[in-house]
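Keep in mind that the numbers below use all heavy atoms, side chains included, and drop hydrogens, waters and symmetry copies.
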Amino acid sequence: QVQLVESGGGLVQAGGSLRLSCAASGRTFSTDAMGWFRQAPGKEREFVAVIRWGDGSTYHAGSVRGRYTISRDNAKNTVYLQMNSLKSEDTAVYYCARSRFYYSDMQLYGRSFAAADWGQGTQVTVSS
């Protein structure tokens, strides 16, 4: 099992930026995928972005593409989510997750991530 700890959430005005971090402790593998999800009040958890530890392949959901960027620092075992041009509808609790499944097509993680581990979440609030 891998422990995931998110940080970096907070309150920001619309149009602003935030960078979330997800620190992973425990053994991870190059074929593992790390994902970001979010859940707004009264809504289902939504896939946001994914990155593979080994080759750095990424995929972003359409709702955030061009505004959010997922990245990783293998030396620090940390995954980041840079969020720019934030909108009020981006307000949610953001979760980090790890998948042991391997898809060559990164888009498939958006349909079936099959998380083995989840973080506790970090609140992002965008004021309009």
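Heavy-atom contacts from other residues, nucleotides or ligands closer than 6.0 Å to CZ of F29 number more than 12.
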Using the side chain to side chain contact (heavy atoms under 4.5 Å, CB included) rule, take V50 and M34 through it: C-alpha gap first, then chi angles, then the decisive distance, then the call.
-> CA-CA 6 Å; V50 61; M34 299 296 295; over 6 Å; no
Worked check of side chain to side chain contact (heavy atoms under 4.5 Å, CB included) between T31 and F101 | CA-CA 8 Å; T31 53; F101 276 73; over 6 Å; no
Which is it for D32 and R100 under the salt bridge (Lys or Arg N to Asp or Glu O under 4.0 Å) test, yes or no, and what are the steps along the way?
-> CA-CA 5 Å; D32 288 352; R100 297 298 322 278; 2.6 Å; yes
Step by step, would you call T69 with M83 a side chain to side chain contact (heavy atoms under 4.5 Å, CB included)?
-> CA-CA 7 Å; T69 303; M83 306 184 296; over 6 Å; no
Evaluate the criterion side-chain hydrogen bond (donor to acceptor under 3.5 Å, both in side chains) for residue pair T125 and Q123; output intermediate values, then yes/no.
-> CA-CA 6 Å; T125 302; Q123 176 71 47; 3.3 Å; yes
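One distance of note links CZ of R67 with OG of S85; it measures 7.0 Å at 0.5 Å rounding.
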Quick one: side chains of residues 56-63, donor-acceptor pairs under 3.5 Å with protein atoms, not counting sequence neighbours, listed by atom name and distance.
| unit_1 | atom_1 | unit_2 | atom_2 | d |
| --- | --- | --- | --- | --- |
| S57 | OG | D55 | OD1 | 3.0 |
| S57 | OG | D55 | OD2 | 3.2 |
| Y59 | OH | R65 | NH2 | 3.4 |
| H60 | NE2 | I70 | N | 3.0 |
| S63 | OG | E46 | OE2 | 3.4 |

Using distance only, find each side-chain donor-acceptor pair of residues 10-22 under 3.5 Å and give its atom names and separation, not counting sequence neighbours.
| unit_1 | atom_1 | unit_2 | atom_2 | d |
| --- | --- | --- | --- | --- |
| S17 | OG | N84 | OD1 | 2.9 |

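The aromatic rings of Y109 and Y103 sit perpendicular to each other, their planes meeting at more than 60°, with 30° as the lower class boundary. Between F47 and F37, the two ring planes are perpendicular [angle over 60°; tilted spans 30° to 60°].
Qualifying side chain to side chain donor-acceptor pair (under 3.5 Å) partners for R45, counting only residues two or more places apart in sequence or in other chains: none.
Tracing side-chain contacts under 4.5 Å through hydrophobic residues (I, L, V, M, F, W, Y), one never reaches V64 starting from Y80; they form parts of separate clusters. Hydrophobic clustering of Ile, Leu, Val, Met, Phe, Trp and Tyr side chains at less than 4.5 Å, counting indirect connections, keeps L4 apart from W118. A single hydrophobic cluster is not seen to contain both V124 and Y95; linkage of ILVMFWY side chains at heavy-atom distances under 4.5 Å, directly or through other members, places them apart.
A 4.5 Å side-chain heavy-atom check between Y94 and Q39 finds every atom pair outside the cut-off. In this structure the side chain of R52 never reaches within 4.5 angstrom of the side chain of R72, judged on heavy atoms.
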